[in-house]
Amino acid sequence: MAVEEDVAQEYVPQQKKKEPSELEKRRKKIEPGSLMKAEMRPGGGDVRPSEGDQAIYHCTVRTLDGVVVESTRSDNGGKGIPLRHVLGKSKMLIGVIEGLTTMLKGEVAMFKMKPSMHYGEANCPIFPPSGFPKDDELHFEIEMIEFSKVKVVSEDLGIIKKVIDDGQGWESPREPYEVKARISAKTGDGKVILAHTHGEPYFFTFGKSEVPKGLEMGMGTMAREEKAIIYVTGQYLTQSPLLSTIEGLDEVHFEVELVHFIQVRDMLGDGRLIKRRLRDGKGEFPMDCPLHDSVLRVHYKAMLLNDKKTVFYDTSVNNAGQPLEFSSGEGLVPEGFEMSVRLMLPGELALVTCPPDYAYDKFPRPTDVPEGAYVQWEIELLGFEMPQDWTGMDFQSIMDDAEKIRSIGNRLFKEGKFELAKAKYEKVLREFNHVNPQDDEEGKVFLNTRNLLHLNVAACYLKMKECRKSIEACNKVLDASPAHAKALYRRGMAYMEAGDFDEAKNDFVMMAKVDKSSESDSNAALQKLKQTKQEVDRRAKKTIQRAL
């Protein structure tokens with residue numbers, strides 16, 4: 001006798017069915033016999049176009065008795081310009097879509113279409129030309145000139161790119177890169193209107209309207225040494241030095257070889273601090289750049305931005321031929337210098353143009369550099385060393401390294417470089433998220449150090465007049481150590497600076513209660529609070545009297 005056992009069925013979630021595309025919906029409505037094909041001339045190869053391919057083809061539409069209704073061919077009254085559509089993306093007649101996908105390159109075929117396969121289709125996505133016999137059965141004679149995979153650059157299909165030869169690397173030009181390219185251009189019917197394929201390549205700056213907008217957008221998808229055809233329709237054919245005459249052009253096919261481009265970075269976004277890459281470095285940008293605080297080795301030449309480009313320092317001369325070695329994040333070089341080096345790859349050579357406020361107006365100025373001077377640095381990044389990784393280090397070594405970094409922050413704080421000091425303290429606090437003390441003694445040391453770092457951050461924010469952030473930093477200490485007198489004092493000072501006098505008073509009073517040794521500091525803070533409040537009240541009263 002067979003025994004039936006209950007088998008627990010494993011729950012398999014139902015996958016949501018993918019919504020059919022508009023083209024798929026249209027195809028489901030095709031009736032048998034509504035589209036018939038007769039091959040007139042065989043094509044070559046065995047590959048046919050598929051969705052996403054760009055097809056270029058001539059098309060002549062005739063009545064069944066041979067009268068031409070419309071045509072792309074000049075001998076049939078057309079402009080002589082073939083049609084160009086991206087299958088599945090361009091708005092097309094369903095019969096033409098279905099017919100093209102059956103054709104080989106060079107093939108000529110006649111398609112007999114019922115009205116439902118051309119403009120007579122219900123909800124046809126395109127309107128028929130004036131006087132078109134949309135209710136008639138018609139012949140569509142199509143010549144498949146070519147088809148290929150393309151990149152759609154603009155959603156309206158006004159800019160399409162066809163790759164001829166792949167380029168090198170991952171990077172593409174963008175504003176304000178400097179570009180060299182060989183460019184030729186033809187109209188849709190093949191008439192050459194621009195030939196820049198021999199001699200020196202055409203040079204232009206991205207974003208300066210020096211080439212038509214559509215061409216620039218297409219080139220913005222190209223890599224170095226890539227060759228491509230960029231198809232640009234009229235709305236993207238803006239006037240430029242490259243192509244000044246654009247009237248009457250419905251479409252232009254640009255053949256482009258991207259010879260080279262120089263990476264140019266507008267570091268501040270206002271055109272004042274500009275970094276130009278003169279020689280590529282090694283590695284992948286930006287992963288292999290010294291973005292984090294590191295020990296950097298550079299050769300550099302410093303010049304005044306005058307007519308003579310006067311050199312006032314050169315490591316190969318003034319430093320006995322030795323490179324400059326410095327730690328980033330410590331304010332040891334001008335801010336514009338460090339910002340630029342952090343975005344360099346090892347071996348890269350760059351030319352940096354820097355305004356005075358990011359050069360030597362806020363940094364010890366060499367004697368040959370006048371106040372308010374723009375400078376240029378030619379910088380070569382030889383290499384860099386990342387900071388020590390705490391992984392695998394014992395607790396004491398970690399705390400020693402943390403103290404070194406905190407000491408650097410303290411020096412920067414004393415120098416008035418509060419943002420840099422804060423960055424040092426916050427760096428250690430981030431790393432502390434991965435430190436796990438092993439016993440009570442280590443836990444006590446760790447907590448004290450972390451509290452001290454938060455208070456250092458609070459002091460930086462207070463100096464930077466960001467009182468609320470200073471209060472938040474103090475709260476992190478008081479959450480862990482509610483009776484921390486120094487945190488109460490610093491929070492009270494931040495409250496006072498923010499004008500929250502009652503909150504400040506509470507902190508200063510509480511400070512003396514939790515730590516009797518801080519009573520004198522508490523009294524001094526309360527006296528200062530009283531004076532500050534009186535001064536605020538006096539100014540407010542004066543303002544009211546003026547208003548009256």
Side-chain angles (χ1 to χ4, degrees), residues 150-154 158-186 192-233 235-246 249 251-286 289 340 343-345 347-353 376 378-379:
V150 292
K151 178 178 179 60
V152 176
V153 179
S154 64
I159 310 166
I160 303 289
K161 185 186 79 168
K162 172 187 172 183
V163 176
I164 306 300
D165 292 324
D166 290 329
Q168 302 295 319
W170 59 271
E171 194 175 16
S172 298
R174 59 181 181 272
E175 187 177 351
Y177 283 24
E178 296 170 354
V179 179
K180 287 184 177 180
R182 291 192 168 88
I183 305 169
S184 62
K186 298 178 181 179
V192 176
I193 56 174
L194 176 69
H196 214 292
T197 56
H198 301 290
E200 274 297 306
Y202 184 72
F203 176 87
F204 70 97
T205 301
F206 231 72
K208 297 290 186 181
S209 302
E210 294 172 1
V211 299
K213 178 182 178 181
L215 174 60
E216 186 170 81
M217 290 174 66
M219 292 181 69
T221 69
M222 296 178 68
R224 280 188 180 90
E225 299 179 24
E226 181 180 331
K227 292 182 180 179
I229 296 175
I230 300 173
Y231 302 88
V232 181
T233 54
Q235 69 268 34
Y236 292 101
L237 291 172
T238 54
Q239 286 192 342
S240 67
L242 177 71
L243 195 63
S244 56
T245 304
I246 58 172
L249 295 178
E251 180 172 296
V252 173
H253 302 172
F254 294 95
E255 188 166 336
V256 181
E257 178 188 357
L258 185 52
V259 177
H260 184 66
F261 57 81
I262 295 173
Q263 184 198 72
V264 180
R265 292 195 173 273
D266 185 347
M267 304 292 293
L268 302 174
D270 59 9
R272 297 189 305 132
L273 178 58
I274 300 295
K275 171 184 172 286
R276 298 176 70 250
R277 182 192 287 172
L278 303 181
R279 185 182 70 217
D280 292 342
K282 295 178 180 178
E284 293 292 326
F285 180 90
C289 295
S340 301
L343 291 179
M344 293 178 67
L345 292 165
E348 180 181 333
L349 182 67
L351 185 67
V352 177
T353 303
Q376 274 192 342
E378 188 179 281
I379 307 170

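Just so it is clear, the model here is predicted, and its values are computed rather than measured. Values below: all heavy atoms of this structure, side chains included; hydrogens, waters and symmetry mates excluded.
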To check you understand the geometry: which heavy-atom pair defines the closest contact between [X] and [Y], and what is its length?
X      : Y      : value
Gly214 : Ile230 : O-CG2, 4.2 Å
Phe285 : Arg277 : CD1-NH2, 4.2 Å
Ser240 : Pro212 : OG-CD, 3.2 Å
Tyr177 : Ser172 : CE2-O, 3.7 Å
Tyr236 : Gly158 : CE1-CA, 3.8 Å

[X] and [Y]: side chain donor to acceptor below 3.5 Å:
X      : Y      : value
Gln235 : Lys213 : no
Thr353 : Gln376 : yes
Glu255 : His253 : no

Handout entry: Val211 and Leu243: CA distance, side-chain angles, deciding distance, side-chain contact (heavy atoms from CB on, under 4.5 Å) verdict
Key = CA-CA 7 Å; Val211 299; Leu243 195 63; over 6 Å; no
Mind checking the [atom1]-[atom2] spacing from [X] to [Y]? Nearest 0.5 Å is all I need.
X      : Y      : atom1 : atom2 : answer
Arg265 : Met344 : CZ    : CE    : 12.0 Å
Leu194 : Ser184 : CG    : OG    : 7.0 Å
Phe204 : Glu178 : CZ    : CD    : 11.0 Å
Gln263 : Leu278 : CD    : CG    : 11.0 Å
Glu226 : Leu258 : CD    : CG    : 7.5 Å
Ile159 : Thr233 : CD1   : OG1   : 7.0 Å

Problem - Check against side-chain contact (heavy atoms from CB on, under 4.5 Å), Val264 and Thr205 - result: CA-CA 9 Å; Val264 180; Thr205 301; over 6 Å; no
Handout entry: Asp266 side chain reached by Leu273 side chain, heavy atoms, under 4.5 Å
Key =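 Heavy-atom side-chain distance check fails, nothing below 4.5 Å.
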Could you list the donor-acceptor pairs under 3.5 angstrom formed between side-chain atoms of residues 216-225 and any protein atom two or more places apart in sequence or on another chain?
| residue | atom | partner | partner atom | Å |
| --- | --- | --- | --- | --- |
| Glu216 | OE2 | Gly207 | N | 2.9 |
| Thr221 | OG1 | Lys161 | NZ | 3.2 |
| Thr221 | OG1 | Gly218 | O | 2.7 |
| Arg224 | NH2 | Phe261 | O | 2.9 |

Exercise for the section: Please assess Leu242 against Tyr202 for the test side-chain contact (heavy atoms from CB on, under 4.5 Å), listing each intermediate value before the final yes or no. Expected result: CA-CA 8 Å; Leu242 177 71; Tyr202 184 72; 3.8 Å; yes
Handout entry: Residue from Lys275, Arg276, Lys282 passing salt bridge (charged side-chain N to carboxylate O under 4.0 Å, His left out) with Glu348
Key =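 Of all the options given, the one that passes is Lys275.
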Problem - Derivation and outcome, side-chain contact (heavy atoms from CB on, under 4.5 Å), residues Met267 and Leu343 - result: CA-CA 10 Å; Met267 304 292 293; Leu343 291 179; 3.5 Å; yes
Problem - Residues in salt bridge (charged side-chain N to carboxylate O under 4.0 Å, His left out) contact with Arg279, at least two apart in sequence or another chain - result: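 If we apply the salt bridge (charged side-chain N to carboxylate O under 4.0 Å, His left out) test to Arg279, skipping adjacent residues, the hits are Glu380.
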